[in-house]
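Residues take their numbers from the sequence shown, with the count starting at 1.
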Amino acid sequence: MENNVKYLAKIPLFYGLPESQLREISNLLLERSYQKGRFIFMEGEPGEALYILKSGLIKLTRRLEDGREHILHFVNPGEVFAEVVLFDGGNYPATAEVQEDCVVGVLRNQDIERLISQNPGIAVEMLRIMSRRLRAAQEKVMNLALHDTARRLAYTLIKMAEEHGIQKPGGTLINFNLTNQELANLTGSTRETINRMLNSFKRAGAIDVDRQQIMVLDKNKLENLLK
């Protein structure tokens with residue numbers, strides 16, 4: 001209980017709530033563990049709950065009309081996801097696949113609705129989260145629509161380094177393995193094209209690649225591609 005209360009207090013969705021309310025939320029929080037490769041929910045399934053990632057890494061994807069996978073977001077610990085189903089009462093708009101063994105907290109819709117009625121500030125913070133997601137989605141759409149593959153890849157690597165980067169002596173390490181196919185799914189390209197672009201960036205001294213892990217060596221060189 002105490003660990004859950006301390007954990008919830010650090011999540012932006014629950015900032016500022018008194019300990020008594022955090023304890024109430026903790027009582028409602030269901031904890032589930034998933035192994036790598038499992039699915040938490042699938043696109044189109046009834047949306048029943050909001051999730052909080054406590055540890056691990058989760059990939060959110062949608063299936064395009066031609067059958068290809070499009071990666072929407074990689075969820076970090078402390079992030080809320082699937083919050084949209086609370087407001088529209090519909091199905092999950094994406095698939096959540098476990099990339100690294102994870103532990104998630106689950107808050108059922110009916111419990112969240114009761115909490116919001118008692119704490120309107122939670123609804124405001126949830127709208128802020130959704131607004132940030134919408135802004136990020138709009139930036140991604142613009143990137144896909146207006147830029148060539150090199151610019152799309154440079155933009156994606158910069159964002160990944162900002163969101164998942166660990167500072168190392170030589171640069172910023174993107175802290176999980178990314179296959180060329182996943183990078184292609186993120187950028188609307190093909191695996192072969194991504195392979196050529198990564199080799200080009202590596203020769204230019206902008207990045208280094210080792211066993212599917214990418215180190216951004218020179219962010220300025222990537223940013224110059226966006227100009």
Checklist entry - M197 and L153: side chain to side chain contact (heavy atoms under 4.5 Å, CB included), yes or no, with the steps? => result CA-CA 8 Å; M197 291 295 99; L153 180 58; 3.4 Å; yes

Checklist entry - After noting the C-alpha distance and the side-chain angles of N199 and V209, does the key distance pass the side chain to side chain contact (heavy atoms under 4.5 Å, CB included) rule? => result CA-CA 9 Å; N199 286 332; V209 183; over 6 Å; no

Item to check | Step-by-step side chain to side chain donor-acceptor pair (under 3.5 Å) determination, E48 to Q110 | outcome: CA-CA 9 Å; E48 300 174 343; Q110 61 265 34; over 6 Å; no

Checklist entry - Would V103 and Y34 count as a side chain to side chain contact (heavy atoms under 4.5 Å, CB included) if you check the C-alpha gap in whole Å, the side-chain angles of each, and the deciding distance to 0.1 Å? => result CA-CA 6 Å; V103 177; Y34 295 89; over 6 Å; no

Checklist entry - Do T95 and F39 pass the side chain to side chain contact (heavy atoms under 4.5 Å, CB included) test, and can you show the C-alpha distance, the side-chain angles, and the key distance before you say yes or no? => result CA-CA 7 Å; T95 294; F39 294 92; 3.5 Å; yes

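Between R62 and E43 there is a salt bridge, with a side-chain nitrogen of the basic residue lying less than 4.0 Å from a carboxylate oxygen of the acidic one. R151 and E223 are not joined by a salt bridge, as no carboxylate oxygen comes within less than 4.0 angstrom of a charged side-chain nitrogen. Under the 4.0 Å criterion applied to side-chain N and carboxylate O atoms, R38 and E97 are not assigned as salt-bridge partners.
Two residues are said to be in side-chain contact when any heavy atoms from C-beta on lie closer than 4.5 Å; E79 and I52 fail this criterion. Under the 4.5 Å side-chain criterion, counting only non-hydrogen atoms from C-beta, I58 is in contact with I40. Annotation: side chain of E69 is in contact with side chain of R63 (closest heavy-atom distance under 4.5 Å). Proximity of F74 to L57: side-chain heavy atoms (C-beta onward) are separated by under 4.5 Å at one or more points. Side chains of E24 and E19 form no contact here, defined as non-hydrogen atoms less than 4.5 Å apart. In this structure, L107 and L29 have side chains that are in contact, with non-hydrogen atoms separated by less than 4.5 Å. When side chains are defined from C-beta on, L50 does not count as touching V106, because their heavy atoms never get closer than 4.5 Å. The shortest side-chain heavy-atom distance between I207 and L198 falls under the 4.5 Å cut-off.
The distance from the OG atom of S189 to the CZ atom of R196 is 8.0 Å, given to the nearest 0.5 Å. Between atom CG of residue L157 and atom CD of residue E162 there is a gap of 11.0 Å, rounded to the nearest 0.5 Å.
Remark: aromatic rings of Y51 and F41 are close, center separation under 6.0 Å.
When every heavy atom of R152 is checked against every heavy atom of T187, the shortest pair comes out as NE-O, 2.6 Å. The two residues M215 and K168 come nearest to each other via the heavy atoms CE-CB, 3.9 Å. The shortest heavy-atom contact between P77 and S55 is CG-CA, 4.1 Å. Residues L186 and H70 approach most closely at O-CE1, 4.1 Å, considering heavy atoms. Heavy-atom minimum distance, Y92 versus A82: CE2-CB, 3.8 Å. Pairing each heavy atom of A96 with each of F81, the nearest pair is CB-CE1, 4.2 Å.
Looking at L183, L178, I214 one by one, the single match for side chain to side chain contact (heavy atoms under 4.5 Å, CB included) with M160 turns out to be L178.
Looking only at distances, no side-chain donor or acceptor of D218 sits under 3.5 Å from a matching main-chain atom of G205. For the pair N91 (side chain) and G44 (backbone), a donor-acceptor distance under 3.5 Å is present. Side chain of N76 to backbone of E163: a donor-acceptor contact under 3.5 angstrom is found. Although no hydrogens or angles enter the test, the distance criterion places no donor-acceptor pair under 3.5 Å between the side chain of Q213 and the main chain of D210.
At a cut-off of 3.5 Å, with distance as the only test, a side-chain donor of Q167 or T172 sits close to an acceptor on the other residue. Side-chain contact of Q35 with E100: a donor-acceptor pair under 3.5 Å is absent, judged by distance alone.
Crowding of R191 atom CZ: a count of heavy atoms from other residues, nucleotides or ligands under 6.0 Å not exceeding 12.
Judged by the 6.0 Å and 45° rule, K54 forms a cation-pi pair with Y7.
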